[in-house]
Amino acid sequence: MSDPGSHAAVTTAPVDAVPAVRANGADRSLGQLVSSATAEVSALVHDEIALAKAEVRQDVKRGVMGSAAIGIAGVFALFSLPVLSFAAAYGIHNWGLGLAWSFLIVGGAFLLIAGLLALIAVRKFKKVKPPEKTIASAKETAAVLQTVKPHPRPVHEADKTVARSSV
């Protein structure tokens, strides 16, 4: 333990004085440090935003390329549908059925597939519900805003009279 009487005299600085801080061999005030920190944080935020933009731009490019590939695949599938339909009808015709019956069977198969897909779609649409949480939140916000009273500005005597010209 040290002797309490051996401490050096303590001097107090005025409260208004800004202490100087030694950093990297240079004296910098607290204001300069805050200014430097603010500038560095601002630069960091700008760099992060630039990085996010670059990442989003790359993701958008990938998304566009994927969408284009899906679109082209859909076009080829659409073009192949009549060809495959004719091939199926003529294949059934080769089994000994008449050509008209073969095309009716292929057309009926397409109608059956369309009906099944429509049934699945109706079931999925019935499961869709309104956004209940969002509606409740909007109603709550509307209720709060209806109870808020506006705060009118105080009217000064000078504001009450307005000089009008008679021109």
Side-chain angles (χ1 to χ4, degrees), residues 23 28-165 167:
R28 295 181 3 178
S29 69
L30 182 60
Q32 290 170 334
L33 288 174
V34 169
S35 174
S36 174
T38 303
E40 289 175 9
V41 168
S42 176
L44 178 65
V45 168
H46 287 301
D47 290 344
E48 290 293 328
I49 290 172
L51 177 62
K53 283 181 181 178
E55 289 177 348
V56 167
R57 192 174 298 124
Q58 185 66 26
D59 288 342
V60 167
K61 285 181 184 177
R62 288 181 184 145
V64 166
M65 293 300 291
S67 298
I70 292 261
I72 292 170
V75 166
F76 281 126
L78 185 65
F79 288 162
S80 70
L81 192 62
V83 172
L84 294 176
S85 299
F86 275 95
Y90 280 109
I92 294 172
H93 177 66
N94 283 337
W95 286 344
L97 282 173
L99 195 57
W101 288 108
S102 300
F103 276 100
L104 281 174
I105 290 172
V106 172
F110 281 137
L111 286 176
L112 181 66
I113 292 170
L116 288 174
L117 289 174
L119 184 64
I120 291 171
V122 167
R123 286 185 182 170
K124 294 291 182 182
F125 283 137
K126 285 184 179 179
K127 290 182 181 179
V128 174
K129 295 184 174 148
E132 295 171 0
K133 291 180 183 178
T134 304
I135 292 171
S137 175
K139 286 181 180 178
E140 182 180 322
T141 302
V144 167
L145 290 176
Q146 286 177 352
T147 61
V148 174
K149 294 181 181 176
H151 299 287
R153 293 186 305 184
V155 179
H156 300 291
E157 290 299 320
D159 293 340
K160 285 184 180 179
T161 59
V162 177
R164 304 237 185 234
S165 66
V167 178

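- Between Ser36 and Gln32, every side-chain heavy-atom pair lies at or beyond the 4.5 Å cut-off.
- Annotation: side chain of Phe103 is not in contact with side chain of Ile92 (no heavy-atom distance under 4.5 Å).
- Looking only at distances, no side-chain donor or acceptor of Ser42 sits under 3.5 Å from a matching main-chain atom of Ala39.
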Which atom pairs, one a donor and one an acceptor, fall under 3.5 Å between side chains of residues 125-144 and the rest of the protein, sequence neighbours left out?
{"residue": "Thr141", "atom": "OG1", "partner": "Ser137", "partner atom": "O", "Å": "2.9"}

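- The line from CD1 of Ile105 to CG of Leu112 is 13.0 Å long, rounded to the nearest 0.5 Å.
- In this structure, Phe86 CZ and Leu81 CG are separated by 11.0 Å, a value rounded to the nearest 0.5 Å.
- The shortest non-hydrogen separation linking Ser102 to Ala89 is CB-O, 3.0 Å.
- Counting heavy-atom neighbours within 6.0 Å of Tyr90 OH, excluding the residue itself, gives a total of 12 or less.
- Of the inter-residue distances, the one linking His46 atom NE2 with Leu44 atom CG reads 10.5 Å to the nearest 0.5 angstrom.
- Between Ser85 and Val106, the shortest heavy-atom contact is O-CG1, 4.0 Å.
- In the displayed structure, Leu117 atom CG is contacted under 6.0 Å by more than 12 heavy atoms of other residues, nucleotides or ligands.
- The shortest heavy-atom contact between Arg28 and Leu33 is NH2-CD2, 2.9 Å.
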